[in-house]
There are 2 protein chains.
Amino acid sequence: MSWLDVIGSVAGGLTTLAFVPQVVKTLRTRQTRDISTAMWLMFCAGVALWLVYGVVLGAWPIIVANALTLVLAATVLAVKLVNRKRDQACGGTRTSLNQ
Amino acid sequence: MSWLDVIGSVAGGLTTLAFVPQVVKTLRTRQTRDISTAMWLMFCAGVALWLVYGVVLGAWPIIVANALTLVLAATVLAVKLVNRKRDQACGGTRTSLNQ
């Protein structure tokens, strides 16, 4: 394994595992007001396409990293979608409280 | 350009551009309570390593996608770090308001 492979592996590990603390925070607090629905929708769609790309190529590192990322990101998106109406309804109160 | 190249390009476009709506929301509202500091720190570090990886390989698609993602993700992280003390201090008030 070259040092370039090591950099790529650490990079892939970080950009996948980064979603773990967000999932933990979101499941624990159930608070999603500051999270953008559009971001997580687009991100999940993109990761799903990377997964298709990996499957077609038969590239296991792409498959494993994106399957894991998709599960994590879809969890955050699911909580956000459940909260969406509440998040929109409480926006004014929240903003005035925190400013 | 094969259809696999198209899938890869759309996937890369989505996972990069996904951060635009989050940056817009975060800069507009300056609210970051529900955003995990650990996620954005790890994600920025990982994307920076992907950038190094692309530079070493001389791979322009990896360089461009990750440079753009890094600027976007670092913007969200910067606002979160500025807000961090306030986010921690107001946690109780916020939770009781929204539940």
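Letters A, B, ... mirror the listed sequences (proteins, then strands); counts begin at 1.
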Among the options B:W40, B:F19, B:Y53, pick out the one with the most heavy-atom pairs lying under 4.5 Å from chain A. B:Y53
In short, A:A11 meets B:G46 closest at the heavy-atom pair CB-O, 3.6 Å
Approximate separation, where rounding is to 0.5 Å, of [X] [atom1] and [Y] [atom2]:
X     : Y     : atom1 : atom2 : value
A:T32 : B:R33 : OG1   : CZ    : 13.0 Å
B:M42 : A:T15 : CE    : OG1   : 9.0 Å
A:T29 : B:D34 : OG1   : CG    : 6.0 Å

Quick one: does A:V56's side chain get under 4.5 Å of B:W3's, heavy atoms only? yes
Do the side chains of A:F43 and B:L14 get nearer than 4.5 Å, heavy atoms only? no
Between A:Q22 and B:S36, is there a donor-acceptor pair closer than 3.5 Å when you use the side chain of the first and the backbone of the second? yes
Chain B heavy atoms under 4.5 Å from A:L17: which part of the residue, side chain, backbone, both or neither? both
Please tell me whether B:V55 and B:V71 are part of a single hydrophobic cluster in this structure, the criterion being side-chain heavy atoms less than 4.5 Å apart. no
Joint hydrophobic cluster, B:V82 plus B:V23, side-chain heavy atoms closer than 4.5 Å: no
